[in-house]
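Encoded as structure tokens, the structure appears first; notes follow it.
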Amino acid sequence: MEAIRALRREEFVPTDQKEYAEEDRPLPIGRGQTISQPYIVAYMSAALQAGPGMKVLEIGTGSGYQAAVLARLGAEVYSVERIGGLAESAGRRLQALGYERIEVRHGDGARGWPEKAPFERIIVTAALRREPEALFGQLSAPGRMIYPLGGRRMQRLVLVERKSSGSYRRQDLLPVRFVPFREGTA
Ligand code: SAH
């Protein structure tokens, strides 16, 4: 909650959305994409238990808001965005705001970020239709990963805990609605 409170969400939305920035709902950020609802950002960040010094992979940079929350929790964030224009504007925004521990890359998140793997935490902020196989391979043991999984209109938020032994524990947390995860870049 402190990390959320310290952020000004209006700095992450387009000019015509600024008047709604304090509302607890998703908002359009262009290219058919959205900045997530603050409650969901807080919920996912808490479930992930991202903390100081951890390497975190985010798939779906969007506005950069979720990445900024993770950075404020002390994490070193690597974020991948498939839409070039959004990757560029989020990267510029985060740099202007002084976030030095966030790296944004334009690319297809389906492949993760192999050069920077492994990650202690992985968060996917677009709705997956099936299990993110490649990302499991980039998760540390112990590690935690959270992602929305399901159909187009509704998904379940899934939390996977990987123990040091390498075994997995999987939990369904709550129903959510995210914009779709799409393969390839744009
Ligand atoms: N975390 C963002 C919310 C992003 S909305 C925020 O805090 O603002 C989901 C984002 O995932 C969109 O920007 C969409 O373009 C992106 N996305 C969808 N499929 C992707 C993929 N295969 N790789 C990377 N990003 C993807």
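Fair warning: this is a prediction, and the values are worked out from it, not measured in the lab. First listed ligand is number 1; within each ligand, the first listed atom is number 1. For the numbers below, each heavy atom of this structure counts, side chains included, while hydrogens, waters and symmetry mates do not.
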For ligand 1 and G60, I'd like to know whether there is a polar contact (N/O to N/O, distance under 3.5 Å). yes

So that I can tick it off, tell me whether R169 and E161 are bridged by a salt bridge, with the cut-off set at under 4.0 angstrom between side-chain N and carboxylate O. yes

Quick check on contacts: which atoms of ligand 1 are under 4.0 angstrom from a heavy atom of E58? 1 (N)

Is it true that atom CZ of R177 has more than 12 heavy atoms of other residues, nucleotides or ligands lying nearer than 6.0 Å? no

Can you find a non-hydrogen atom of T61 under 4.0 Å from ligand 1? yes

Please say whether more than 12 non-hydrogen atoms of neighbouring residues, nucleotides or ligands are located less than 6.0 Å from CD in E23. yes

Starting from atom 14 (C) of ligand 1, locate the nearest protein heavy atom and write down its residue, its atom name and how far away it is, to 0.1 Å. Q33 OE1, 3.3 Å

Side chain or backbone of P180 under 4.0 Å from ligand 1, or both, or neither, by non-hydrogen atoms? backbone

Please report which non-hydrogen protein atom sits nearest to atom 7 (O) of ligand 1, along with the residue it belongs to and the distance in Å to one decimal place. Q66 N, 3.0 Å

Among all protein non-hydrogen atoms, which one is nearest to atom 5 (S) of ligand 1, and what is the separation to 0.1 Å? T34 O, 3.1 Å

At less than 4.0 angstrom from any non-hydrogen atom of A126, what atoms of ligand 1 do you find? 11 (O), 18 (C)

Heavy-atom contacts with S63 under 4.0 Å: which atoms of ligand 1 show up? List them by number with element. 6 (C), 7 (O), 8 (O)

Show me which atoms of ligand 1 lie under 4.0 Å from any heavy atom of I83. 15 (O)

Minimum non-hydrogen distance to atom 15 (O) of ligand 1, winning option of H106, E81, M44, Q37: E81

When you check the side-chain N and O atoms of R93 and Y99, is any donor under 3.5 Å from an acceptor? no

Quick test of your reading of the model: are E76 and K116 salt-bridged, counting only N-O distances below 4.0 Å? no

Counting heavy atoms only, which of R182, E183, R111, R9 is nearest atom 19 (N) of ligand 1? R182

Minimum-distance pair of heavy atoms, taken over all atoms of A21 and L27: CA-CD1, 3.9 Å

Numbered atoms of ligand 1 (with element) below 4.0 Å of Y65, judged on heavy atoms: 7 (O)

Given S36, A68, S79, G109, which one has a non-hydrogen atom that is nearest to atom 23 (N) of ligand 1? G109

So which bit of V179 gets within less than 4.0 Å of ligand 1, heavy atoms only: side chain, backbone, both or neither? side chain

Suppose I only count heavy atoms of I35 and a 4.0 Å limit; which atoms of ligand 1 are within that range? 8 (O)

Using the ring centroid of each side chain, check whether F181 and Y147 are separated by less than 6.0 Å. no

Closest heavy-atom contact between P38 and I4? O-CD1, 4.0 Å

More than 12 heavy atoms of other groups within 6.0 Å of R111 CZ: no

Hey, which atoms in ligand 1 end up nearer than 4.0 Å to a heavy atom of L86? 13 (O)

Within reach of ligand 1, part of R82 (heavy-atom separation under 4.0 Å): both

Minimum heavy-atom separation for G62 and A90, please, with both atom names. O-CB, 3.5 Å

Exceeds 12 heavy-atom contacts within 6.0 angstrom, atom OH of Y20: no

Close approach of R31 to ligand 1, heavy atoms, under 4.0 angstrom: no

Protein heavy-atom partner closest to atom 9 (C) of ligand 1 - residue, atom, separation in Å: T125 O, 3.3 Å

May I ask you to decide whether E81 forms a salt bridge with R31, counting only side-chain N to carboxylate O separations under 4.0 Å? no

